[in-house]
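Presented below is the structure to which this report refers.
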Amino acid sequence: MSLIKSTSSFEKMVKEQQESVRRLFLNLTLGDEMLSDDLAQDTFIKAYKSWNTFRMMSSVRTWLFRIAYNTFYDYRRSLKQTSDIDGLPLPQHAEQTTLKMDIYEAMKMLTENERVCVTLAMIDGYSMKEISKIMQQAENTVKSYIHRGKGKLADYLRQQGYE
């Protein structure tokens, strides 16, 4: 068994990537912490089950985020929704700051693809090439999603009084 396929290397990968995966889901679910944790757990279970079949044709990180992306879409399909996730309720936790709430409200303005691309690029630091692989979209399409998403976020936050 190669180093990449060992249980200890899987555990190391989980420790390194769990916060990034959870952050992706927090943005996609507009701050629903419980759902984000459930989706992250499902992602790592799927990754563990397919760990021995990972062919290293991409980085482990890209492979894992592709699983996360598919996990989110599986969840969405299970709800039998085909439109954007704007219908998901925003959590009403009193301790959340106004800025955090405004950011989640701004994220609601984005299409699902824009939200994924903006999250991966601006929050997790993925390159256009990596996002393209994760989403199985052309790099120019990813660039368009990010450009439109950033514009919508900036417009919304400016309207809320942020500079």
Side-chain angles (χ1 to χ4, degrees), residues 10-51 53-54 58-127 130-137 141-142 144-146 148-157 159-160 162:
F10 181 82
E11 290 171 2
K12 181 181 178 199
M13 182 272 299
V14 170
K15 287 177 184 173
E16 291 173 354
Q17 300 300 326
Q18 63 187 354
E19 287 303 315
S20 295
V21 169
R22 187 170 184 271
R23 189 172 41 248
L24 170 69
F25 288 130
L26 277 170
N27 285 305
L28 294 178
T29 64
L30 304 172
D32 187 328
E33 292 180 14
M34 289 176 45
L35 178 57
S36 296
D37 288 343
D38 288 345
L39 292 170
Q41 182 177 11
D42 288 348
T43 296
F44 286 109
I45 289 169
K46 289 175 183 177
Y48 182 76
K49 288 179 178 179
S50 60
W51 187 243
T53 61
F54 175 53
S58 65
S59 72
V60 172
R61 186 176 171 194
T62 300
W63 172 79
L64 180 65
F65 270 74
R66 182 69 201 164
I67 293 170
Y69 184 72
N70 287 337
T71 298
F72 181 71
Y73 275 98
D74 290 345
Y75 165 74
R76 287 289 315 280
R77 277 191 291 266
S78 74
L79 296 177
K80 296 187 180 10
Q81 292 180 340
T82 56
S83 62
D84 201 12
I85 64 172
D86 291 338
L88 289 176
L90 198 61
Q92 298 299 315
H93 303 294
E95 67 273 6
Q96 288 184 326
T97 65
T98 303
L99 175 60
K100 187 174 181 180
M101 294 302 289
D102 284 342
I103 290 172
Y104 286 134
E105 282 296 316
M107 294 292 275
K108 286 174 70 174
M109 309 303 277
L110 306 182
T111 67
E112 197 168 280
N113 286 329
E114 291 167 348
R115 194 174 302 127
V116 171
C117 289
V118 166
T119 297
L120 291 174
M122 296 179 66
I123 297 172
D124 289 319
Y126 278 89
S127 69
E130 290 172 314
I131 298 169
S132 175
K133 286 181 182 178
I134 290 168
M135 295 187 65
Q136 295 180 337
Q137 298 277 336
T141 302
V142 169
S144 294
Y145 287 142
I146 292 170
R148 283 193 309 261
K150 286 170 65 174
K152 289 177 184 179
L153 289 173
D155 289 346
Y156 179 84
L157 292 173
Q159 290 172 359
Q160 301 307 310
Y162 296 97

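Residue numbers start at 1 and run along the sequence shown. Predicted model, so just to flag it, every value in this text is computed and none were measured.
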pair F25-D37: side-chain heavy atoms closer than 4.5 Å: no
Stepwise side-chain contact (heavy atoms from CB on, under 4.5 Å) test for L153 and M109: CA-CA 7 Å; L153 289 173; M109 309 303 277; over 6 Å; no
side-chain contact (heavy atoms from CB on, under 4.5 Å) assessment of L35 paired with Y75: CA-CA 10 Å; L35 178 57; Y75 165 74; 3.5 Å; yes
Audit row: Y48, F44, ring pair (Phe, Tyr, Trp, His ring centres under 6.0 Å) steps and yes/no: CA-CA 6 Å; Y48 182 76; F44 286 109; over 10 Å; no
Which residues share a side chain to side chain contact (heavy atoms under 4.5 Å, CB included) with S20, sequence neighbours left out: Q17, R23, F65, D124
From CA spacing to verdict: side-chain contact (heavy atoms from CB on, under 4.5 Å), Y126, R61: CA-CA 10 Å; Y126 278 89; R61 186 176 171 194; 2.8 Å; yes
I134 side chain reached by V116 side chain, heavy atoms, under 4.5 Å: no
salt_bridge(E105, K108) N-O dist < 4.0 Å: yes
Short side-chain to backbone donor-acceptor contact, T119 and L24, under 3.5 Å: no
Flag if over 12 foreign heavy atoms under 6.0 Å of NZ, K150: no
D74 side chain reached by K46 side chain, heavy atoms, under 4.5 Å: yes
No-hydrogen, no-angle side-chain donor-acceptor test under 3.5 Å, S59 and T62: yes
